[in-house]
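The structure under discussion appears below in the form of structure tokens.
Numbering of ligands and ligand atoms starts at 1, following listing order.
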Amino acid sequence: MERWLQQVWYGGRPAPWLLRPLAMLFGLLVSLRRWAFAAGLLPTRHPGCPVIVVGNLTVGGTGKTPLTIWLVQALQQLGLRPGVVLRGHGGSLARLPAPTRVTAGQTAAETGDEALLIAGRTGCAVAVGRDRVAAARLLRQQGVQLVLADDGLQHLRLARDLELVVIDGERGFGNGWLLPAGPLREPLSRLQQVPLRVQNGGERLWCSDALRMQVGGEQLCRVDGQGAAEPLAAWRGREVHAVAAIGNPQRFFDLLTAAGLSIRPHVWPDHHPFSAADLAFADALPVLMTEKDAVKCRAYAQAHHWTLPVEARFEAGEGRRLLGRVLMEARLLDLLVCPLCKGPLIYDKSAAELLCRADRLAFPIRDGIPVMLEEEARAVAADDPRLER
Ligand code: ZN
């Protein structure tokens, strides 16, 4: 069924007549729901700290998780404490009415694969639950300064300060139809209402002002966490089993093929709960899996099970542009503190500086991004009138 739908959505043929009335009905319900939230008939809730939503318009993987990890790490480098809320697909905690903070001892069977991956890679606070408002409030109570909602574009109850949409550059919007005739969860017109658009890979630009992102990785790691990493380039010409239970497995397979590996692909449904038997092949070839799958297989991983950690990458200047816009449009500058005394900062917009009164220092803001380094700051005269504010 899933494979047939993928063929219908991305096969390059018109949507089947049978599914079109259902897509129209779905479109009507989506519009009604949006209207009800906009008109205040359905209430929205704000957790009381800035909320940034990272989402997509289509079903399946577009590269949201690598972008979320990139954003969290960029914000952490500025001294901020971001947290991430997500549904926790594939985990048992997603079914509970109350949200749960992800902790070190939990398994992907509880938290879902994406939550465990984000928590492991960034060390930031992560909460899962079907009520994203409650999850965001939980994190805020625990000291998080701002919340990123991974896959929250359609979770309208959560009021947001900024929306980002990730576009799958390889597959675009398929046949352009709404579910179930096509892969769209919302009409394409929604794209124009989202302030920040990021396209992951692909040659053709699907949206004229989208920032371009690539997802890549160079180092292979053992799933059991033992042994040393090996450069992917050193595996050129090797034959491997490639296992993927993600939204767009072809993206992973293409990455390995482009690196010169000879792969035997094995596709599982997104969020598939792996067992040891799923990875037992008749031969002794290495088994390579995505990072999202690796977090589910650690407990029974063997020495020939490998994973390729990936990261989001931007062309020169594009990443800075994205971060600068996130800081400005979600009003995150107010959250920054002085790296020396941890005290509050005064934001001087016209001079593009952040001032610390206690240390009499001005930290520059370059291309919209504060440079929170003592060696980059300049001294401010004691009688500078800006310090009086
Ligand atoms: Zn200071």
Side-chain angles (χ1 to χ4, degrees), residues 46-54 67-85 101-102 104 118-127 135-149 159-162 164 195-196 311-312 314 316-389:
H46 198 275
C49 63
V51 174
I52 302 167
V53 161
V54 181
L67 179 62
T68 301
I69 290 172
W70 184 91
L71 272 172
V72 167
Q73 290 173 336
L75 296 169
Q76 285 173 329
Q77 279 165 18
L78 289 171
L80 292 167
R81 285 189 309 280
V84 177
V85 297
R101 166 89 184 259
V102 174
I118 293 169
R121 281 284 295 272
T122 66
C124 82
V126 176
R137 283 187 178 142
L138 175 72
L139 291 186
R140 185 179 162 238
Q141 283 159 13
Q142 298 186 359
V144 158
Q145 290 177 299
L146 72 136
V147 166
L148 280 89
R160 66 272 325 259
D161 299 273
L162 179 63
L164 275 92
L196 279 173
E311 59 187 24
F314 291 90
E318 295 258 290
R320 292 182 62 80
R321 237 174 86 204
L322 174 63
L323 181 60
R325 286 193 60 187
V326 167
L327 290 168
M328 290 298 165
E329 291 175 36
R331 292 183 302 281
L332 302 183
L333 292 182
D334 301 341
L335 301 176
L336 286 172
V337 296
C338 171
L340 295 134
C341 68
K342 308 291 174 201
L345 294 164
I346 302 161
Y347 174 34
D348 181 352
K349 198 171 178 178
S350 56
E353 284 180 332
L354 289 162
L355 294 93
C356 173
R357 186 180 284 129
D359 291 307
R360 294 218 303 270
L361 283 175
F363 297 91
I365 301 174
R366 297 191 189 124
D367 307 329
I369 303 172
V371 183
M372 305 307 290
L373 299 168
E374 189 181 359
E375 56 268 31
E376 296 286 335
R378 70 184 182 86
V380 178
D383 59 353
D384 191 310
R386 296 179 299 170
L387 297 178
E388 297 309 309
R389 269 186 259 165

- request: Could you tell me whether R320 atom CZ has more than 12 heavy atoms of other residues or ligands within 6.0 Å of it?
  value: yes
task: Could you name all protein N, O or S atoms found under 2.8 Å from the Zn ion (ligand 1)?
output: C338 SG, C341 SG, C356 SG, D359 OD2
statement: Rounded to the nearest 0.5 angstrom, the CD-CG distance for E374 and L361 is 6.5 Å
task: Please answer whether the main-chain N or O of R81 pairs with a side-chain N or O of Q145 as donor and acceptor at a distance below 3.5 Å.
output: yes
task: Kindly indicate whether the side chain of L146, heavy atoms from C-beta on, has any atom under 4.5 Å from the side chain of D161.
output: no
- prompt: If only atom types and distance count, is the side chain of D367 paired as donor or acceptor with the main-chain N or O of I369 below 3.5 Å?
  reply: no
- line: dist Q141:CD -> R137:CZ (nearest 0.5 Å) comes out at 9.0 Å
